[in-house]
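Just so you know, residue 1 is the first one in the sequence shown, and it goes up from there.
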Amino acid sequence: MYDSLNSPVRWQTGIYADAAGSVYFEGFHGLVQYDGKVWTTLTKDNSKLPSDRVMGIFVDSRKRLWVGTDKGTVRFDGAVVEDFQGTDNPLKQAAITKGYEDKDGTLWFALYEKKNPVNAMAKLSKDGVWTVINTENAMIPNNSVQDFVVDEVRQVLWLSVHNVGLCRFDGKTWGTFTPENSKVPSTVVEDLALDAGGRLWCATFAGLLRIDPAE
């Protein structure tokens with residue numbers, strides 16, 4: 001067991017594990033990493049993190065560490081740190097809350113913007129082209145995404161949209177599922193997970209929902 005007495009772990013709000021076996025902890029006291037032997041803590045005082053409030057972590061196949069904070073996103077690529085606030089890409093004013101890399105090498109990010117969010121998600125192609133998903137180019141009710149999964153086998157994108165329910169995109173058509181028009185039990189869907197059989201598991205404020213791929 002790890003706690004504040006034998007580790008840097010304090011009030012943690014999320015956990016992320018990369019392909020190399022390192023575990024990262026989100027929270028209000030910086031980025032905490034455990035590689036199985038050594039604990040490391042990055043804060044705004046000892047690194048280029050813009051804030052100690054860490055909201056999202058992702059490590060891509062190039063071993064670049066993406067960290068979203070309440071004051072923006074930074075990317076650690078070895079000794080090189082990129083602060084996106086000086087760029088024109090979608091991370092200029094947004095924090096990533098979740099990342100995913102598909103088989104083509106495209107990176108998908110859920111975004112958080114504190115006030116009046118303009119983008120729900122962003123994609124970065126392997127050749128460096130950014131694409132955004134928002135209410136202007138997609139049939140989604142708002143730009144506040146809680147979670148997402150990419151079903152690459154069925155080519156379906158699922159979004160958990162704050163205070164609405166679920167949205168589904170099959171490449172052609174968007175659908176929105178709420179307690180009023182479906183079996184989604186709550187407008188608050190906190191977490192999504194896709195299992196090996198293609199079943200979508202949804203943690204909601206009103207219980208656990210499973211959606212089978214045939215439904």
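A pairwise comparison of heavy atoms in V145 and A110 identifies CG1-CB, 4.2 Å as the closest pair. Taking all atoms of both residues into account, the shortest heavy-atom contact from I140 to A120 is CD1-CB, 3.8 Å. In terms of heavy atoms, F148 sits closest to G99 at CZ-C, 4.3 Å. Nearest heavy-atom pair, P50 versus G72, reported as atom, atom and distance to 0.1 Å: CG-O, 3.9 Å. Across E26 and G56, no two heavy atoms sit closer than the pair OE2-CA, 3.6 Å. For I96 against T73, the heavy-atom pair with the smallest separation is N-OG1, 3.0 Å.
Using a 4.5 Å cut-off on side-chain heavy atoms (C-beta onward), L209 and W201 make no contact. A 4.5 Å side-chain heavy-atom check between Y112 and M55 finds at least one atom pair inside the cut-off. Residues C202 and P185 have side chains not in contact (no heavy-atom distance under 4.5 Å, counting atoms from C-beta outward). Side-chain contact between L166 and L159 is absent, with no heavy atoms from C-beta onward closer than 4.5 Å. With contacts defined as side-chain heavy-atom distances shorter than 4.5 Å, the pair S4/V9 does not qualify. Using a 4.5 Å cut-off on side-chain heavy atoms (C-beta onward), W158 and F177 make contact. Side-chain contact between L157 and W108 is present, with heavy atoms from C-beta onward closer than 4.5 Å. Put simply, the side chain of E190 does not reach to within 4.5 Å of the side chain of S160, judged on heavy atoms.
With D52 contributing its side chain and K44 its backbone, the two residues share a donor-acceptor pair below 3.5 Å. Within the 3.5 Å criterion, the main-chain N or O of D102 finds no donor-acceptor partner in the side chain of T106. Side-chain atoms of S22 never come within 3.5 Å of backbone atoms of A17 as a donor-acceptor pair (strictly under, hydrogens ignored). Using modelled atom types, no side-chain atom of D35 and backbone atom of G21 make a donor-acceptor pair closer than 3.5 Å. Between the side chain of N119 and the backbone N or O of V132 there is no donor-acceptor pair closer than 3.5 Å. Within the 3.5 Å criterion, the main-chain N or O of P179 finds no donor-acceptor partner in the side chain of S182. A distance-only check finds no donor-acceptor pair linking the side chain of D170 to the backbone of R154 [under 3.5 Å]. N46 places a side-chain N or O within 3.5 Å of a backbone atom of T41 that can act as its donor or acceptor partner.
Partners of S61 by side chain to side chain donor-acceptor pair (under 3.5 Å), not counting sequence neighbours, listed by chain and number: E101. Evaluation of the side chain to side chain donor-acceptor pair (under 3.5 Å) rule for N137 yields no partner, not counting sequence neighbours.
Here R75 does not pair with D77 in a salt bridge; the nearest charged N to carboxylate O distance is not below 4.0 Å. Ion pairing between a basic and an acidic side chain is recognised when a charged N comes within 4.0 Å of a carboxylate O; K98 and D147 show such pairing.
Using cut-offs of 30° and 60° for the angle between ring planes, the Y24 and Y16 rings count as tilted. Ring geometry, Y2 versus W39: the interplanar angle exceeds 60°, so the pair is classed perpendicular (tilted spans 30 to 60°).
The hydrophobic cluster containing L194 does not contain V150, counting ILVMFWY residues as joined when their side-chain heavy atoms lie under 4.5 angstrom apart, directly or transitively. No continuous path of ILVMFWY side-chain contacts below 4.5 Å connects Y100 to L107, so the two sit in separate hydrophobic clusters. Hydrophobic clustering, with ILVMFWY side chains joined whenever heavy atoms are under 4.5 angstrom apart, groups V67 together with V59. Taken together through direct or relayed side-chain contacts under 4.5 Å among Ile, Leu, Val, Met, Phe, Trp and Tyr, F58 and F84 form part of one hydrophobic cluster. Under a hydrophobic clustering in which Ile, Leu, Val, Met, Phe, Trp and Tyr are joined whenever their side-chain heavy atoms come within less than 4.5 Å, directly or via other members, V188 and V149 fall into different clusters.
The CG atom of L65 sits 6.0 Å away from atom CG of L31, with the distance rounded to the nearest 0.5 Å. Rounding to the nearest 0.5 angstrom, the gap separating the OH atom in Y34 from the OG1 atom in T40 is 11.0 Å. Put simply, OG1 on T204 and CD on Q146 are 12.0 Å apart, with the number rounded to the nearest 0.5 Å. Note that CG of L111 is 9.5 Å distant from CD1 of I133, once rounded to the nearest 0.5 Å. Rounding to the nearest 0.5 Å gives a distance of 9.5 Å between CZ of F109 and CE of M121. Atom CZ in F25 sits 7.0 Å away from atom CD in Q12 (nearest 0.5 Å).
Looking only at atom types and distance, the side chain of D60 has a donor-acceptor partner in the side chain of W66 under 3.5 Å away.
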(request) Would you please test F28 and R53 for side-chain contact (heavy atoms from CB on, under 4.5 Å) and show each step? (result) CA-CA 4 Å; F28 292 82; R53 173 66 172 99; 3.1 Å; yes
(request) Please step through side-chain contact (heavy atoms from CB on, under 4.5 Å) for the pair T173 and M139, ending with a clear verdict. (result) CA-CA 8 Å; T173 305; M139 296 296 292; over 6 Å; no
(request) List the steps, then state whether side-chain contact (heavy atoms from CB on, under 4.5 Å) holds for V164 with N142. (result) CA-CA 9 Å; V164 175; N142 65 59; 3.6 Å; yes
(request) Quick one: do D45 and T43 satisfy side-chain hydrogen bond (donor to acceptor under 3.5 Å, both in side chains)? Show the steps, please. (result) CA-CA 5 Å; D45 295 326; T43 68; 4.5 Å; no
(request) Check the pair F76, L42 against side-chain contact (heavy atoms from CB on, under 4.5 Å), reporting the backbone distance first and the verdict last. (result) CA-CA 11 Å; F76 295 86; L42 298 181; 4.2 Å; yes
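Heavy-atom contacts from other residues, nucleotides or ligands closer than 6.0 Å to CD of E113 number more than 12. No more than 12 heavy atoms of other residues, nucleotides or ligands sit less than 6.0 Å from atom CZ of R10. The local environment of NE2 in H29 is crowded, with over 12 non-hydrogen atoms from other residues, nucleotides or ligands closer than 6.0 Å. More than 12 heavy-atom neighbours from other residues, nucleotides or ligands sit within 6.0 angstrom of CD on E152.
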